[in-house]
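Indexing begins at 1, ligand by ligand and atom by atom, following the structure's order. Both backbone and side-chain heavy atoms feed into the values below; hydrogens, waters and symmetry mates do not. Numbers for residues simply follow the sequence, beginning at 1.
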Amino acid sequence: MDAATSSRFLPQMKLAGSDLRCLNRNSSSFCPQTRQAMPTCCGSSGGKQFLDIATCEGSISCFDSTDKESRVLGGLAHDFPVQKRNPVGKTFCSAEVCTYPGSAIESHSHTSEEKIGVLLLNLGGPETLHDVQPFLFNLFADPDIIRLPRLFRFLQQPLAQLISVLRAPKSKEGYAAIGGGSPLRKITDEQANALKMALEAKEVPANVYVAMRYWHPFTEEAVKQIKRDRVTKLVVLPLYPQYSISTTGSSIRVLQSIFSPGINEKVISILWADLIEKELKIFSKPEEALIFFSAHGVPVSYVEDAGDPYRDQMQECIHLIMEELKSRGIKNDHTLAYQPYTDEVLVELGQKGVKNLLAVPVSFVSEHIETLEEIDMEYKHLALESGIENSGAEFLL
Ligand SMILES: C=CC1=C(C)c2cc3[nH]c(cc4nc(cc5[nH]c(cc1n2)c(C)c5CCC(=O)O)C(CCC(=O)O)=C4C)c(C)c3C=C
Ligand SMILES: [Fe+2]
């Protein structure tokens, strides 16, 4: 597999100077050979499909086959026997196995360059009846579990408090019936231990960590431990056999927010506000110009069926830009149109009597065919035809 292909299949996050790869059965990762949803990258070896979970060059491979050589993860619906392929050529010395308070099964390796970690993702559960209500609060406070429209997001926590209190008695009954708490932590720790041993037996020493989404050891605690241990390569293994935004998706979102928070929205809103403020001055009546955010569209099903955060993030971005402008005393009206409906919206605006319009292609940070040809030429022409006398466009370059 070449580097370009592997980067397509490997969602990576950076640990200071290190690799993080996610063994993720997210439906967006497809194996080019099987056309099936695949964790991370895949390739073939001796006619078998395999999934590399550590590196595509291959220090650890998980085989998606019927090969029953060694079961690694007891309790999972899938067999992922691990086979050693090309140990990375460095000296590993595995000395002992110990459990960190709750979050890591440690392996000591003498190599100073590479330290592999495996992070098991799971939901977590209350360990005592006393934990039940706060556990439920964490669960219902997750926007991937209770998905509120942006306008009502401020209700997430009060709602979580209310539902957790209402649900707690019923949940407590359930947990009381199974011994007074969830077995999830104990079982997941055992799975971590089994995985660690299996890797060690294959001469692939790795620390195995457990990251729970709603109870201890929380994902944040596990990541702190991983950083303390100076892990250089992290393989993320969701212990959910099927992908859901409410399970794997939610845990991955937490990891993403820790490892790659993305472009700081505040910074980008300030940059856009600077450009819009500058461009508005070109209009003879700047305060009358409608700020027309134009964004590339995605199919509605992405957002409504697949939970794509694109629309939410777009609205959040525009909200921040408008807030920034307001703080500078710029109170122009604004609207948002998604391509390919931009032309229809432009015609409607013209019909409504808009005369001045500043187009802001908010989903791009550089010029390209859509901004140069579609917005600058086609839409400008259409705007004029529709009665919009003055239009401009600004680009974040
Ligand atoms: C692995 C699949 C699971 C999906 C998908 C899922 C979605 C989901 N769950 C709730 C609400 C609750 N889940 C609760 C416990 C719980 N959920 C899963 C798995 C999935 N949930 C497990 C394994 C557990 C048990 C954890 C444990 O403590 O051992 C609970 C608490 C128990 C109860 O009161 O019934 C709630 C509540 C929602 C709303 C949801 C999707 C939107
Ligand atoms: Fe659940």
Side-chain angles (χ1 to χ4, degrees), residues 22-29 37 39 73-80 102-103 119-150 152-153 155-195 209-222 236-256 301-309 312:
C22 178
L23 178 50
N24 175 8
R25 296 185 66 83
N26 183 341
S27 56
S28 63
S29 294
L73 301 171
L76 276 185
H78 294 265
D79 290 329
F80 280 151
S103 67
L119 181 63
L120 304 183
L121 304 180
N122 212 333
L123 184 125
E127 283 163 55
T128 66
L129 294 185
H130 192 68
D131 298 338
V132 170
Q133 187 272 323
F135 160 78
L136 289 175
F137 173 83
N138 291 341
L139 186 123
F140 292 120
D142 178 358
D144 284 318
I145 290 281
I146 296 192
R147 301 177 72 80
L148 294 174
R150 148 166 311 281
F152 299 106
R153 287 277 161 80
L155 289 175
Q156 187 91 43
Q157 301 237 334
L159 204 59
Q161 182 63 24
L162 179 69
I163 303 174
S164 64
V165 169
L166 293 176
R167 172 79 197 174
K170 178 99 182 70
S171 290
K172 275 186 186 171
E173 268 179 38
Y175 286 112
I178 58 164
S182 167
L184 212 57
R185 180 175 189 165
K186 183 174 166 287
I187 294 172
T188 312
D189 279 346
E190 285 166 8
Q191 289 172 327
N193 206 16
L195 175 59
Y209 303 85
V210 172
M212 299 296 197
R213 180 64 183 86
Y214 304 117
W215 204 248
H216 301 281
F218 288 112
T219 311
E220 294 82 351
E221 295 167 21
V236 180
L237 176 59
L239 294 187
Y240 304 103
Q242 295 81 26
Y243 180 90
S244 162
I245 50 171
S246 62
T247 54
T248 305
S250 176
S251 287
I252 296 289
R253 224 155 64 95
V254 173
L255 285 175
Q256 273 173 339
S301 62
Y302 281 31
V303 175
E304 292 186 353
D305 304 338
D308 192 331
D312 277 357

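Shown in contact with Tyr240 at under 4.0 Å from a heavy atom are these atoms of ligand 1, numbered in order with element: 1 (C). In summary, the atoms of ligand 1 found under 4.0 Å from a heavy atom of Leu136, numbered by their order in the structure, are 31 (C), 37 (C). Under a 4.0 Å criterion applied to the non-hydrogen atoms of Phe140, ligand 1 contributes the atoms 37 (C).
Considering Asn138, Val132, Leu139 as possible partners of Phe135, the one that fulfils the side chain to side chain contact (heavy atoms under 4.5 Å, CB included) test is Leu139.
Neither the backbone nor the side chain of Ile146 has any atom closer than 4.0 Å to an atom of ligand 1 (non-hydrogen atoms only). Of all the heavy atoms of Arg167, the ones lying under 4.0 Å from any atom of ligand 1 belong exclusively to the side chain.
At distances below 3.5 Å, not a single donor-acceptor pair connects side-chain atoms of Tyr209 with backbone N or O atoms of Leu121. Gln156 places a side-chain N or O within donor-acceptor distance of the main-chain N or O of Ile146, the cut-off being under 3.5 Å.
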Given side chain to side chain contact (heavy atoms under 4.5 Å, CB included), test Leu148 with Leu159 step by step and report yes or no. CA-CA 10 Å; Leu148 294 174; Leu159 204 59; 4.1 Å; yes
Step-by-step salt bridge (charged side-chain N to carboxylate O under 4.0 Å, His left out) determination, Arg147 to Asp312: CA-CA 11 Å; Arg147 301 177 72 80; Asp312 277 357; 5.7 Å; no
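Using a 4.5 Å cut-off on side-chain heavy atoms (C-beta onward), Leu123 and Trp215 make no contact. Counting heavy atoms from C-beta on, the side chains of Leu119 and Leu237 never come closer than 4.5 Å.
In this structure, atom 23 (C) of ligand 1 has no protein heavy-atom contact shorter than 4.0 Å. The protein does not reach atom 9 (N) of ligand 1 closely, with no heavy atom under 4.0 angstrom from it.
Considering backbone and side-chain atoms together, Ser244 places no N or O closer than 3.5 Å to any N or O of ligand 1. Residue Tyr175 has at least one N or O atom closer than 3.5 Å to an N or O atom of ligand 1. For ligand 1, the polar-atom distance check finds an N/O of Ser171 within less than 3.5 Å of one of the ligand's N/O atoms.
Under a 4.0 angstrom heavy-atom cut-off, Pro126 registers as being in contact with ligand 1.
The nearest non-hydrogen atom to atom 12 (C) of ligand 1, considering only Val132, Asp131, Leu139, comes from Leu139. Between atom 27 (C) of ligand 1 and the options Gly181, Ser246, Gly249, Ser182, the minimum heavy-atom separation is to Ser182. Around atom 42 (C) of ligand 1, the closest heavy atom drawn from Ile178, Leu239, Ile145, Ile187 belongs to Ile145.
At the top of the distance list for atom 2 (C) of ligand 1, counting protein heavy atoms only, stands Thr247 CG2, 3.8 Å. The protein heavy-atom contact nearest to atom 18 (C) of ligand 1 is Leu123 CD1, 3.8 Å.
No side-chain donor-acceptor contact under 3.5 Å links His216 and Glu127.
Ser250 and Tyr214 make their closest contact through OG-OH, 3.7 Å (heavy atoms, listed as atom of the first residue, atom of the second, distance). Contact detail for Ser251 and Arg213: the closest heavy-atom pair is OG-CB, 3.8 Å.
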